[in-house]
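To start, the structure itself, in structure tokens.
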Number of protein chains: 2
Amino acid sequence: MGSVHWQDQDTSNCSIGRTWDIMGKPWVLLILREVFRGLHRFDDIRRHLGISEPVLSRRLHGLVEEGVLERRPYRTPGNRTRDEYHLTEAGLELFPLLVALKAWGDRHLAGPEGPATVHEHQGCGRPVVLELRCTADHRLEGVEGVEARSGPAARALARE
Amino acid sequence: MGSVHWQDQDTSNCSIGRTWDIMGKPWVLLILREVFRGLHRFDDIRRHLGISEPVLSRRLHGLVEEGVLERRPYRTPGNRTRDEYHLTEAGLELFPLLVALKAWGDRHLAGPEGPATVHEHQGCGRPVVLELRCTADHRLEGVEGVEARSGPAARALARE
DNA sequence: CGGTATCCTGAAAGATACTG
DNA sequence: CAGTATCTTTCAGGATACCG
């Protein structure tokens, strides 16, 4: 069978689209930002974001189901145990996504004062940046130099 | 008190929120994915995504306005000139964002066949990856080792 | 405090028809 | 081909009330 022409590929099975199906819902990325910042409890997140309870509840459930967050029981003295929401291994791997979002915003949308938060390498104290490189350790300056090719799961686009 | 619609919330002080205000709208990232893939014309994008014309039109206008895309006139023989949509400098800088999205999806949501597209370093042929490092060139393995601190534009959270 | 159930509402996606 | 205008409809977020 002939190879699929690159522009006729069906993108519905694309990883960007799939990830987007989870992360693209309203509030999700903002919720994750708060969890990365160290907020783990329902009401803390709710108050910081100004999100309504039902939506926050729904989103947290969804993220637990997707394996991005996990419940972790805790109890404050005198109260029954409750659940905190923490990032799973998979969730922690979303950090670059947030960094990418933040980096672009810092560069193109920041106010005159600069960013509200900075990420530093602990100990070293230098700013953290995202870098594109290949596995042979060549640094890439941007999209030029990158070639997109059909992968194993490429499918042809259905004709109309 | 006037309620704040979720898209009008005060994200003005956070780069993630600001970027999200643009990129978080439905279809936007998928549209950009197509443009990065080399699709530049209205109908091509429309057919590949299955998006409705009014929405595509609105999104393209928005992205032009935000400085992410620019119109570039072209003409096919015998027809009047039309516009293609191309990434601006700022738009090209969104590439890491798409890579981050794709990388996470490849790792956590891919089917058994693997990814539908692969990005390679041109010439070298090795896969392209996104790496977190600090400006002193220390490679970071993830969020551990990253310290988030208040930046110049930090503001206190308004009391309720 | 940490949610769930219900209802209401509005924004925005899609279908369709039309235009240059 | 590249859109715009209009209309309909759906869906999801917010308010509110309530429960363990």
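Only a predicted model underlies this, so the values are computations on that prediction, with no experimental measurement involved.
Distance, A/D83 CG to C/dG3 C1': 11 Å, rounded to whole Å. As a whole-Å value, the separation of B/H61 NE2 from D/dA2 P is 14 Å. C/dG14 atom C1' lies 18 Å from atom NZ of B/K25, rounded to whole Å. Rounded to whole Å, atom C1' of C/dA13 lies 13 Å from atom CG of B/L56. Here the C1' atom of nucleotide C/dC1 and the CZ atom of A/R47 are 11 Å apart, to the nearest Å. We find that CG of B/L60 is positioned 10 Å from C1' of D/dG3, with the value rounded to whole Å. Between B/R72 atom CZ and D/dA2 atom P the separation is 16 Å, expressed in whole Å. Going from atom CD of B/E53 over to atom P of D/dT6 covers 16 Å, rounded to whole Å.
Taking B/E53 as the reference, nothing meets the salt bridge (charged side-chain N to carboxylate O under 4.0 Å, His left out) condition, with sequence neighbours excluded.
A/R71 comes within 4.0 angstrom of nothing in the nucleic acid, heavy atoms only. Among the heavy atoms of the strands, none lies under 4.0 Å from B/R75. Residue B/R41 is in sugar-phosphate contact alone, with no base atom involved, counting any heavy-atom pair closer than 4.0 Å across all strands shown.
In terms of heavy atoms, A/H119 sits closest to B/A148 at CD2-CB, 3.7 Å.
For the OP1/OP2 pair of C/dA13 and a distance below 4.0 Å, the side-chain nitrogens and oxygens of B/R58 include at least one atom meeting the criterion. Residue B/R46 places no side-chain N or O under 4.0 Å from the OP1 or OP2 atom of D/dG3. Taking side-chain N and O atoms only, B/Y85 has a distance below 4.0 Å to OP1 or OP2 of D/dG3.
Relative to the side chain of B/Y74, the nucleotides D/dC1, C/dG3, C/dC1 differ in distance, and D/dC1 lies closest. The side chain of A/P26 has D/dG13 as its nearest neighbour among D/dG13, C/dG14, D/dC1. Among D/dA2, C/dA13, D/dG20, the nucleotide with an atom closest to any side-chain atom of B/F42 is D/dA2. The listed nucleotides are D/dA2, C/dA13, D/dG3; the one nearest the side chain of B/R82 is D/dA2. Residue B/W27 has its side chain nearest to C/dA13 when only C/dA13, D/dG13, D/dT6 are considered. Distances were taken from every side-chain heavy atom of B/P54 (C-beta onward) to each of C/dC1, C/dA15, D/dG14; the shortest belongs to C/dA15.
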Verdict with reasoning, B/E93 to A/H108, per side-chain hydrogen bond (donor to acceptor under 3.5 Å, both in side chains): CA-CA 10 Å; B/E93 290 175 19; A/H108 297 285; 2.6 Å; yes

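Looking only at distances, no side-chain donor or acceptor of A/W104 sits under 3.5 Å from a matching main-chain atom of B/I16.
The only option from B/R41, B/R71, B/R75, B/R72 that meets the salt bridge (charged side-chain N to carboxylate O under 4.0 Å, His left out) definition with B/E84 turns out to be B/R41.
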